[in-house]
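Numbered from 1 within each chain, the chains take letters A, B, ... in sequence-line order. Remember, it's a predicted structure, so these values are computed and weren't measured experimentally.
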Amino acid sequence: MSRYSAREAEPKWQRLWDERRAFAARRDESRPKYYVLEMFPYPSGRIHMGHVRNYTMGDLVARFKRARGYNVLHPMGWDAFGMPAENAAMERGVHPGRWTYENIAAMKGQLRSMGLSLDWSREFATCDPDYYAQQQALFLDFLEAGFVYRRNSMVNWDPVDRTVLANEQVIDGCGWRSGAPVERRELTQWFFRISDMAGELLEAIDGLERWPEKVRLMQANWIGRSRGLQFTFETVGAPEGFGRLEVYTTRPDTLMGASFAAVSPDHPLARALEAERPEVAAFCAECRRMGTSEEALETAEKKGLDTGLEVIHPLDPEWRLPVWIANFVLMDYGTGAIFGVPAHDQRDLDFARKYGLEVIDCYVAGGSDARVADVAFVPPKTERVRYVALHTGNGVMTGEEAIDAAIAHAEREGYGRGVAKFRLRDWGISRQRYWGCPIPVVHCGACGVVPVAKADLPVKLPEDVDFSAPGNPLDRHAGWSRTTCPRCGAEARRETDTMDTFVDSSWYYARFTAPDARTPTRVADADYWMNVDQYIGGVEHAILHLLYSRFFARAMHRTGHLPAKSEEPFDALFTQGMVCHETYRAPDGAWIAPEHVVKGEDGAVRHAETGVELAVGPSVKMSKSKRNTIDPEAIIAEYGADTARWFMLSDSPPERDVEWTTAGVEGAWRHLQRVWRLAGEAEIAPAGTEPEDGEAALALRRATHAAIEGVTTDIEAFGFNKAVARLYEFTNAIAKAGGAGIGGARREAFEVLARLMAPMVPHFAEELWARLGHRTPLVDLAWPEADRALLARERIVLPVQVNGKKRGEIEVEPGSDAAAVEALALESPDVARHLGDRPPKRVIVVPGRIVNVVV
RNA sequence: GCCCGGAUGGUGGAACGGUAGACACGAGGGUCUCAAAAACCCUUGCCGCAAGGCGUGCGAGUUCGAGUCUCGCUCCGGGCACCA
């Protein structure tokens with residue numbers, strides 16, 4: 001009995017698909033289009049199992065939709081700018097461009113070996129000058145349209161390497177290479193005005209019906225619309241120009257409990273005091289010895305400094321509050337200044353206890369007289385509590401009502417106004433790095449910031465760069481940065497910042513519709529192919545990448561690069577789970593890669609070379625740092641791409657994490673072999689034979705058509721693991737189908753099996769299809785249709801419960817009425833046994849599902 | 001710290017509020033074989049000889065009926081604006 005050989009079959013079918021240009025997408029108004037896109041990879045050098053999972057799912061969707069008659073666009077490219085290329089340049093002296101393109105070549109070969117139905121003719125890398133030229137053109141259009149501006153903002157500064165660090169490069173507050181404590185430093189940087197679109201980006205989330213609810217929630221919370229009170233404190237003793245202090249609060253109902261005001265160390269008032277007073281300067285410097293990440297700021301120990309200044313409470317001119325500088329006040333949110341209410345906010349309470357500030361209770365839960373001690377009482381927004389406060393009025397009301405009352409009071413008395421604010425901040429895109437898209441502007445001493453003329457694009461990265469010192473090589477590159485002003489012709493300096501790589505990935509989906517266009521997009525192609533019908537990627541991109549893309553699509557529409565329908569570019573989104581693996585650790589703490597691990601008969605896990613016993617850790621996301629990765633190339637070489645694909649789709653639901661196990665892969669391999677063997681052993685009628693209508697043949701035909709129905713439904717609902725389970729059941733049904741004279745039904749069954757498996761294991765399905773005697777490939781065949789007549793159930797077994805516990809079963813005719821079912825159930829001996837002589841109080845009949853007898 | 005998820009047999013998981021454990025892995029027993037592998041057949045949530053009882057992270061609640069809904073926890077994971 002011959003085995004199925006993936007090694008022979010897979011390259012053969014890949015070649016055939018290539019020769020037929022089976023997956024090249026062309027505009028065709030006669031068919032509905034379907035654009036399926038997986039998040040494009042960063043060219044790190046090798047594909048990993050996360051890619052295999054992502055692209056297997058996307059390919060399944062693409063092939064399925066093709067079979068269902070859609071004109072499918074399924075492109076692939078490379079998110080090719082980024083820090084790892086610069087790190088490689090610093091560590092190994094290889095040019096980032098060369099490193100990147102070599103990685104792309106290697107990874108493309110690996111992706112090709114997976115047999116994906118990709119249109120490679122549309123491939124591009126974001127570091128291709130053709131791509132970033134168009135990105136620069138977009139930038140200039142955005143600049144003209146007012147979506148871009150410059151302002152100062154904070155970066156992580158490594159004082160030893162004298163370079164800007166990414167948050168990832170800040171480890172425990174220190175630079176990853178120098179080890180020096182990181183400081184916050186202010187730089188002038190470029191920003192996109194995404195916050196101007198906060199309201200519409202938030203409202204449009206409602207229309208994203210085919211996005212996961214969790215992603216919509218995360219985006220909504222990220223944009224974070226809040227309603228609150230903005231008002232002004234009169235200051236006492238402040239430096240010139242700081243007579244008033246603007247604050248914003250989402251809980252104006254607690255204003256009567258205020259006992260201090262606090263400003264961010266980056267607030268202009270703090271800056272002014274810093275210039276005059278050494279102790280303030282020392283404190284602010286200490287606060288800045290910390291990264292810029294919100295996590296670092298929020299989890300840091302709360303510290304403050306009393307400035308000695310005071311503000312006047314808006315409800316009582318005699319009431320003075322001390323002004324502190326506090327490290328937990330964020331300059332980027334609200335006004336960078338707050339008032340503290342220790343009794344009704346836990347963070348304020350901790351701060352007040354630490355520094356001996358007053359704690360003023362003024363609202364109490366449930367009308368009790370309990371005083372706040374170590375736990376602040378936060379008045380709930382939707383439950384009623386007793387308020388005793390001048391500005392809200394006394395009474396029992398919800399937090400929401402009290403906030404409304406407080407805002408109304410402020411507006412009536414004239415000390416403040418109700419405002420809506422968003423948490424969303426403008427998108428800073430300046431990066432002080434080489435391997436990114438140059439920002440196409442020039443700094444002229446006379447004219448200021450001047451855009452480069454579109455005719456002069458692209459502003460290309462220089463090839464000759466020096467990575468021997470930290471910092472931005474563009475900055476040091478005298479020749480490249482020296483230029484002339486496009487406006488006045490005087491000597492000028494190029495902008496040496498490059499763009500955030502999130503910019504590159506914010507519009508690549510649009511570029512795929514016309515990758516050769518001499519403008520960012522081409523109207524006819526964008527109109528035809530957009531939107532992305534199904535976008536698939538990791539949930540780790542749920543906020544930033546997707547939000548930036550939504551912003552970009554809107555800005556591209558307003559600058560004439562995308563149609564109005566594409567303001568939301570992704571019609572449906574699916575976020576897949578991660579690929580995990582067990583971790584192994586030697587006694588010395590070193591992580592050991594799975595290929596160096598052997599599992600003994602005794603259950604012990606040992607290092608293959610040294611024999612030392614290893615500790616087995618939990619299954620976590622595959623990562624280089626824990627060395628728990630499995631190389632897809634090795635798996636494909638050993639088992640074939642189809643086995644890897646089948647395993648990726650089996651068992652775990654696509655949205656959940658999946659654990660890679662050797663046993664699972666072998667199970668997948670065995671299943672393909674089993675199908676192959678069955679097709680060789682079974683008595684199958686010649687091609688073209690009609691299925692028989694005998695009892696045994698009909699039973700198999702019912703299984704066949706139930707499989708079509710079930711697999712189709714499951715694929716459409718992204719229930720790939722369930723579709724695979726149904727295919728197992730179907731295979732078992734074929735194997736069990738007995739008797740002579742069912743050769744035609746068997747033919748139908750195997751043909752359907754091949755066609756249903758095709759989107760998942762395309763090479764195997766082609767090979768099986770050919771083995772069944774077909775000369776034309778499966779790739780262009782339509783999806784099978786289930787015969788409704790074969791799907792009807794013949795008899796129905798209903799479970800019968802007594803008091804909610806299953807006690808027996810009854811068999812009923814389909815379509816029996818409730819009274820008949822009830823009578824049958826009460827006659828059942830199982831029910832009688834549990835009823836005894838008690839009469840039933842109630843009988844619940846759910847037609848077609850269940851009977852429950854209540855006594 | 002804040003936002004969002006998740007938790008079901010030895011394992012991955014299935015289950016319109018309606019028979020908990022489909023399907024698969026593993027394990028045990030058997031068939032075939034000189035033997036092994038492969039393959040095939042049977043068993044397999046836990047306790048119990050059985051009758052039966054108990055079971056979906058923990059604690060409450062709603063319901064004729066809860067893995068599923070509500071509230072309160074625990075643990076694990078993702079994101080937190082310069083990783084991609």
Side-chain angles (χ1 to χ4, degrees), chain A residues 1 3 39-42 44 79 81-84 155-156 164-170 189 194 212-222 224 291-300 302 328 332 346-347 423-433 500-502 505 538-545 547-548 575 577-578 580 618-621 650-653 655-659 661 663-664 666-668 670-671 673-674 677 719 721-722 724-729 732 735 797-809 841-844 846 848-855:
Chain A
M1 178 55 55
R3 278 197 169 172
M39 291 178 184
F40 65 165
Y42 177 78
S44 58
D79 187 14
F81 276 133
M83 286 201 309
V155 294
N156 300 309
V164 177
L165 298 176
N167 284 337
E168 187 195 51
Q169 299 171 315
V170 179
Q189 309 207 69
I194 188 172
E213 186 55 35
K214 63 173 172 180
V215 174
R216 305 195 321 167
L217 243 181
M218 279 191 267
Q219 292 233 340
N221 289 336
W222 186 261
T292 57
S293 82
E294 189 178 312
E295 186 193 1
L297 294 166
E298 290 274 337
T299 55
K302 308 292 176 271
F328 59 83
D332 284 322
Q346 190 61 44
R347 188 186 58 191
R423 205 185 76 100
L424 182 68
R425 309 200 292 258
D426 278 334
W427 173 14
I429 60 153
S430 287
R431 297 293 180 272
Q432 296 69 42
R433 284 188 243 288
D500 179 6
T501 58
F502 270 123
S505 55
V539 70
E540 66 273 19
H541 297 293
I543 296 174
L544 292 178
H545 162 61
L547 190 60
Y548 291 152
T575 53
M578 298 178 303
C580 302
S619 186
V620 296
K621 179 182 179 172
S650 314
D651 294 346
S652 284
E655 69 277 12
R656 290 252 286 265
D657 292 353
V658 63
E659 188 187 355
T661 61
E666 282 171 357
R670 274 203 300 274
H671 179 71
Q673 293 298 343
R674 179 170 181 238
R677 199 173 47 246
N721 58 322
K722 287 183 254 178
V724 168
R726 279 187 205 277
L727 288 168
Y728 274 111
E729 279 181 288
N732 291 339
V797 177
L798 281 190
V800 182
Q801 297 181 326
V802 177
N803 285 340
K805 279 189 190 293
K806 187 197 165 190
R807 297 301 185 186
E809 287 177 345
K841 274 192 203 135
R842 202 175 150 191
V843 180
I844 291 138
V846 184
R849 306 281 335 178
I850 205 165
V851 182
N852 190 12
V853 181
V854 185
V855 289

Touch check for [X], heavy atoms < 4.0 angstrom, all strands: base, sugar-phosphate only, or nothing?
| X | answer |
| --- | --- |
| A:Leu424 | base |
| A:Gly428 | sugar-phosphate |
| A:Val724 | nothing |
| A:Ala663 | sugar-phosphate |
| A:Val800 | nothing |
| A:Arg423 | base |
| A:Phe328 | nothing |
| A:Gly82 | sugar-phosphate |

Qualifying residues under salt bridge (Lys or Arg N to Asp or Glu O under 4.0 Å), relative to [X], sequence neighbours excluded:
| X | answer |
| --- | --- |
| A:Arg674 | none |
| A:Lys302 | none |
| A:Arg433 | none |
| A:Glu809 | A:Lys806 |

* State which residues pass side-chain hydrogen bond (donor to acceptor under 3.5 Å, both in side chains) with A:Asn156; sequence neighbours excluded, sorted by chain then number. => A:Asn167, A:Thr292
* Mind checking what makes side-chain hydrogen bond (donor to acceptor under 3.5 Å, both in side chains) contact with A:Asp79, not counting sequence neighbours? -> none
* Between A:Lys214 and A:Glu655, is a salt bridge (charged side-chain N to carboxylate O under 4.0 Å, His left out) present by the stated rule, with each step listed? -> CA-CA 12 Å; A:Lys214 63 173 172 180; A:Glu655 69 277 12; over 6 Å; no
* Structure fact -> Whichever of A:Lys214 and A:Lys302 has the more 5' nearest nucleotide on RNA chain B, that residue is A:Lys302
* Please name all residues satisfying ring-ring contact (aromatic ring centres under 6.0 Å, His included) with A:Tyr42, sequence neighbours left out, ordered by chain then number. => none
* Asked: Who pairs with A:His545 by ring-ring contact (aromatic ring centres under 6.0 Å, His included), at least two apart in sequence or on another chain?
  -> A:Tyr535, A:His541
* To do: State whether the side chain of A:Gln169 and the backbone N or O of A:Ala166 hold a donor-acceptor pair below 3.5 Å, judged by distance alone.
  => yes
* Polar side-chain contact A:Gln189-B:C82 base: donor and acceptor under 3.5 Å -> yes
Could you work out which one of [options] sits closest to the side chain of [X]?
| X | options | result |
| --- | --- | --- |
| A:Leu217 | B:G79, B:C82, B:G5 | B:G5 |
| A:Met218 | B:C64, B:C4, B:A84 | B:C4 |
| A:Tyr42 | B:C4, B:C23, B:A84 | B:A84 |
| A:Glu298 | B:G79, B:G1, B:A81 | B:G1 |

* Asked: Would you say A:Arg425 reaches B:A81's phosphate, i.e. side-chain N/O to OP1/OP2 under 4.0 Å?
  -> no
* Structure fact -> With B for base contact, S for sugar-phosphate-only contact and - for none (protein heavy atoms under 4.0 Å), nucleotides 11-20 of chain B reads -BSSSB-BB-
* Structure fact -> Contact string for nucleotides 39-47 of chain B, one letter per nucleotide 5' to 3', B = base within protein heavy-atom range under 4.0 Å, S = sugar-phosphate only, - = neither, reads SS-------
* Find the distance A:Lys805:NZ to B:G53:C1' and express it as a whole number of Å. => 9 Å
* Rounded distance (Å) that lies between atom P of B:C83 and atom NE2 of A:His545 -> 16 Å
* To do: Map every base of RNA chain B to its dot-bracket character, where paired means a Watson-Crick or G-U wobble contact with both distances under 3.5 Å and | marks a partner outside the strand.
  => (((((((..(((.....[....)))((((((.......))))))(((....)))..(((((..]....))))))))))))....
* Asked: Atom CE of A:Met218 and atom CG of A:Leu544: how far apart are they, to the nearest 0.5 Å?
  -> 11.0 Å
For nucleotides 29-33 of chain B, list the nitrogen or oxygen atoms of the protein found under 3.5 Å from its nitrogen or oxygen atoms, one pair per line.
none

* Taking the chi torsion of B:G55, is it syn (within 90° of 0) or anti (everything else)? -> anti
* Asked: Under 30°, 30 to 60°, or over 60°: which ring-plane class applies to A:Tyr548 and A:Phe502, parallel, tilted or perpendicular?
  -> perpendicular
